[in-house]
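One structure is given below, encoded as structure tokens.
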Amino acid sequence: MLEITQLRKTYRDKREQVYALDGIDLAVKKGEFLVLLGPSGCGKTTTLRSIAGLERPDEGEITIDGQPVYAEAQHIFVPPEKRPISMVFQSYAIWPHLSVYDNVALPLKVGHRRLEQEEREKRIKEVLALLGLESLADRKVTALSGGQQQRVSLARAIAQRPKVLLMDEPLSNLDYKLRVRLRSELKALMHQLELTTVYVTHDQEEALAMGDRIAVMNQGKLIQLGTPRDIYQQPLTEFVARFIGEMNFISGTVRQIDQDEVHLETALGNLVGKVPKGGQRPVVGQKRTLGIRPTDIDMIPEQTAEARGDQVAGTIVSAQYLGESIDYTVQAGPITLQVKTHHRLVFQPNDCVTLQFDPKYAIVIEPDDETGWGKRHE
Amino acid sequence: MNRQRSDVWIIYSIVVLAVSLVMISIAGILIASVSPPEETEQLFSLAHYGEVFGNPDLYKVIGRTLLLGLGSIAFMLAFSLPISWILARTDYKRKNLLFSLLIANIAIPGFIKAMSYVFLFNPTAGIVNKLVTPLVGEALFNVYSLPWICYLQGLLMTPIAVFMIYPALRNMDGSLEEACWTSGLSRWQAVRYVVFPLVAPAIAAASLFFFILAIEIFDVVALVGLPGKIVVLSGMIYDATHPTYGLPNYGKAGVLGVILFLIAGVAIAFYLKLLVQAQRYQVVGAKIRHVQQELSGKGKLLADCFIGVWIFLSFVIPLFTLFWTSLVPYLQPPSLKALDTLSFKSYSVALAYMIEPMKNTLFVMVTSVILAVVLSVCVSWLVTRTKSRLAPVVEFIVFLSIAVPSMVSAVAFQFIALKLYSIIPLYGSIVLVVLVLASRMLTFTTRTINGTALQLNQELDEAAYTSGLSRFTAFRKVFLPLVTPAVVYSAFVVAVLAARDLTVPLMVNTGNKELVSTLIYHLQANGSYDVASAVGFYLMVFLLVLVLLARRLTGLKQL
């Protein structure tokens, strides 16, 4: 439905050419909910605004439903009003001088997406009902709460029946509880309407909860594209691993490779992990990093330890009680590790423990300083 | 404890002074209008009302005054809307230059602009008319007409208007416009259905503000309206208080002042209503995204041309005309014969004439700055920092002064000063000029300082009190330093406006104490065009220095 090829855009920063977009390739399937995720300044909003036609890239191509809307080589640039898209803005951008009804109605009355009166009224009624806005139809939009304004903005965009719906951090101005509730509502709605959606956010939890697929971006590049499960469990780089959740990193040298299991020699002895899906298979003798999430390390009192997977001895340094879970800082040899346990598993500082690493959940990736990604975002 | 209490009373008494200044203007004009004619025993009478409303021409004069206001706004918008648009919503390259020119233009007083146009286009001796008469057989232009007054007032209001309209255009959230485009509306449809309805209230509010200014400033009417016998309310008030023979008729001036006050009051009521509407369109908490339209080649050319025309009309014409007239003994077009008579003598004559008036102008500037600033800082503190029940009342009264034209308060203060002459001999004193100017500026200075003060967190005061500071110490050590930027800014604005004002010093009889502005006016009225022009140049240089200094000190460096 949406194809982006080799999209590039530069801007000047103190005489230096900086890439806002550095060769983005992306394809979104019909009916898919794609999330663009990354830290601020990573290029996700620029990508979205380029799809909308609000910004003009320097190079590349954008095609919507087979029709090119932007192709630098052919000097094609379709202005936003003529693209089959609609957009939900971070600030909602609902027109403050119009009522709820008129906000939804204006694009269907004038402009390129106008409809005959009968059809228009039917469409507006449908959309207002869908979003539970019927009773507010005659209200001034400035008299609405943040959540209601957000709905109006969504209603306006959906009513235009776009081929691609673009959303720029639409939930970021709402409070946490409302945000969490709207996440699932929004996702269900998009699937019900079979809308192709590109959704920008910097909130990793939101991305995991909503996306059919997530595209993680950093410094103008697309770093990893995959399902939420892939992105969380099989991050390809330290940057992705750190940006989505927490991960312990232990560097080492490759000693042996058994099918998809990689044996690393580390400061904690021999540890085994897997190469993530789509990751580069290493060669014996290369430097690699072993990554494991704090929840994937099992921690047991020293004396009861029995041999299972890789075992490492450690000492509890400190504990942070978080209610549902406890975050422990554990010193294992020269390395400090983060371990997250169930709140019923209680240790005291200076307790000696045994840590078990399950090779199924440990990944072996290239260190970030070789790829140049991520270090700046520690 | 007692000491602290008495300290705070200093602030309160200054607030009382501010309120009474405004009240004196309003009460003064009302009392003057019902004052009995000479040599009657009555306490009050409606005789002056009878006299004024008995004049069959009154309604024509009121109509002409309204026309003057509307016409001036039309010209003002014709210049300032495109300029504001270029500054706020396009990627025009020479914005900083344009911004500098707008500021510099404030250094050319309105009456000097008007004077230069009179030199060029007056029907009997105007330079341009002298040039074209041999060619077409008659004088083509007659500057002594209502459209020219409107044009000149529009021109003089333009730079100030841009600074009022520009923020409205700039602060409209650009994503509202982008939302139009992503909703299938074309650029024009976006302007028609969204941008225009959103900025219209702010522009209309600014227009009403300038409507009041247009009917109250006397600078242009004095130079063009009086000689051209174009009678508007301000001119009538001036005539009533400056009769060729006999005593000033403050009763008649009072009635006319009441009429002017009522017109301004109605305009202010609409102004407030529109202001509320304009604010309602601001979605609270939303981030503003500034959108700048890329100008095409044609667009750039159009913008350059428009700004070029404005520069020609508001810089080139006044400056070149004055420079030329300052060099020749009488009004004449440039010619070989005229070149023989060129001399810079007028500049040395002007210097000699200027010494006393300059001292007076400096006195008026400094004292009105001090008065306006001290009053408004105290009012602002009361209004924004205390929970006093009187605060809204004080705020309203001070705001009301915006509806009191300076013509009106000039009449009111003079009338009161005359009545109280035996107690306080202020009548005919330059101090009256200061009082009128300062009370006229009060709305502006208070609002400017309020704007900064309202952004200061209330907890700053609470932190001072809980740290053991008394209220007065908190005022001095916390409030004052934090509002200083706004104070400096308003001080400069008051200084510049006081130095270039002709309306108030002309209205207030100051005996033989001239200000620089009245000196120029009287010189040109007596036909000393060369010396008037030379004094004008000195004044403009002085104002330019002041304006540049203000720009440096207040960080008004660029947009």
Side-chain angles (χ1 to χ4, degrees), chain A residues 45 48-49 51-56 78-98 102-115 140-146 149 152-153 156-162 164-169 172-174, chain B residues 89-91 93 167-205 273-299:
Chain A
T45 297
L48 194 80
R49 290 171 60 80
I51 302 170
L54 294 173
E55 247 163 79
R56 185 177 181 145
V78 178
E81 64 266 26
K82 292 186 185 159
R83 297 187 183 196
I85 51 110
S86 65
M87 184 155 164
V88 177
F89 290 79
Q90 183 173 18
S91 63
Y92 315 141
I94 44 176
W95 299 308
H97 59 305
L98 299 178
D102 288 336
N103 259 280
V104 181
L106 184 66
L108 306 179
K109 248 187 225 165
V110 297
H112 290 270
R113 291 159 213 172
R114 64 179 169 273
L115 300 171
K140 281 260 173 198
V141 286
T142 42
L144 301 181
S145 71
Q149 293 189 345
V152 175
S153 156
R156 180 176 69 191
I158 290 173
Q160 297 168 34
R161 297 262 169 94
V164 179
L165 176 65
L166 306 170
M167 294 204 228
D168 186 7
E169 311 221 8
S172 65
N173 283 338
L174 302 173
Chain B
R89 300 194 79 86
T90 70
D91 65 344
K93 291 280 176 296
L169 293 184
R170 182 161 171 83
N171 291 342
M172 200 205 85
D173 185 0
S175 57
L176 295 176
E177 210 174 343
E178 290 185 339
C180 294
W181 307 337
T182 60
S183 297
L185 273 68
S186 70
R187 309 278 141 148
W188 267 118
Q189 285 168 331
V191 169
R192 189 177 143 201
Y193 291 106
V194 173
V195 179
F196 181 74
L198 285 178
V199 297
I203 293 173
K273 217 177 146 188
L274 283 168
L275 222 52
V276 171
Q277 198 178 348
Q279 277 158 3
R280 204 167 0 167
Y281 288 164
Q282 288 170 356
V283 181
V284 181
K287 266 190 251 162
I288 286 176
R289 187 181 183 93
H290 299 297
V291 174
Q292 298 199 328
Q293 201 176 324
E294 266 179 56
L295 286 177
S296 61
K298 234 189 237 171

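Quick note on labels: first sequence line is chain A, next is B, and so on, each numbered from 1.
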Could you tell me whether the side chain of A:Ser91 reaches within less than 4.5 Å of the side chain of B:Asp173, counting heavy atoms only? yes
Between the CG atom in A:Leu106 and the SG atom in B:Cys180, the distance rounded to the nearest 0.5 Å is 6.5 Å
For a quick test of reading the model, state the closest non-hydrogen atom pair linking A:Pro107 to B:Ser183 and the distance between them. CB-O, 3.4 Å
Is a side-chain N or O of A:His97 found less than 3.5 angstrom from the main chain of B:Tyr193, in a donor-acceptor match? yes
Portion of A:Ile85 that has a non-hydrogen atom of chain B nearer than 4.5 angstrom: both
Is there side-chain contact between B:Glu178 and A:Arg49, with at least one heavy-atom pair below 4.5 Å? yes
Heavy atoms, side chains only, cut-off 4.5 Å: are B:Thr182 and A:Leu166 in contact? no
A:Glu81 vs B:Arg187, test: side chain to side chain contact (heavy atoms under 4.5 Å, CB included). Steps then yes/no. CA-CA 9 Å; A:Glu81 64 266 26; B:Arg187 309 278 141 148; 4.0 Å; yes
Are any side-chain N or O atoms of A:Trp95 and backbone N or O atoms of B:Leu176, one a donor and one an acceptor, separated by less than 3.5 Å? yes
So which of A:Arg83, A:His112, A:Met87, A:Arg113 has the largest heavy-atom pair count under 4.5 angstrom toward chain B? A:Arg113
Enclosure of A:Lys82 NZ (heavy-atom neighbours >12, cutoff 6.0 Å): no
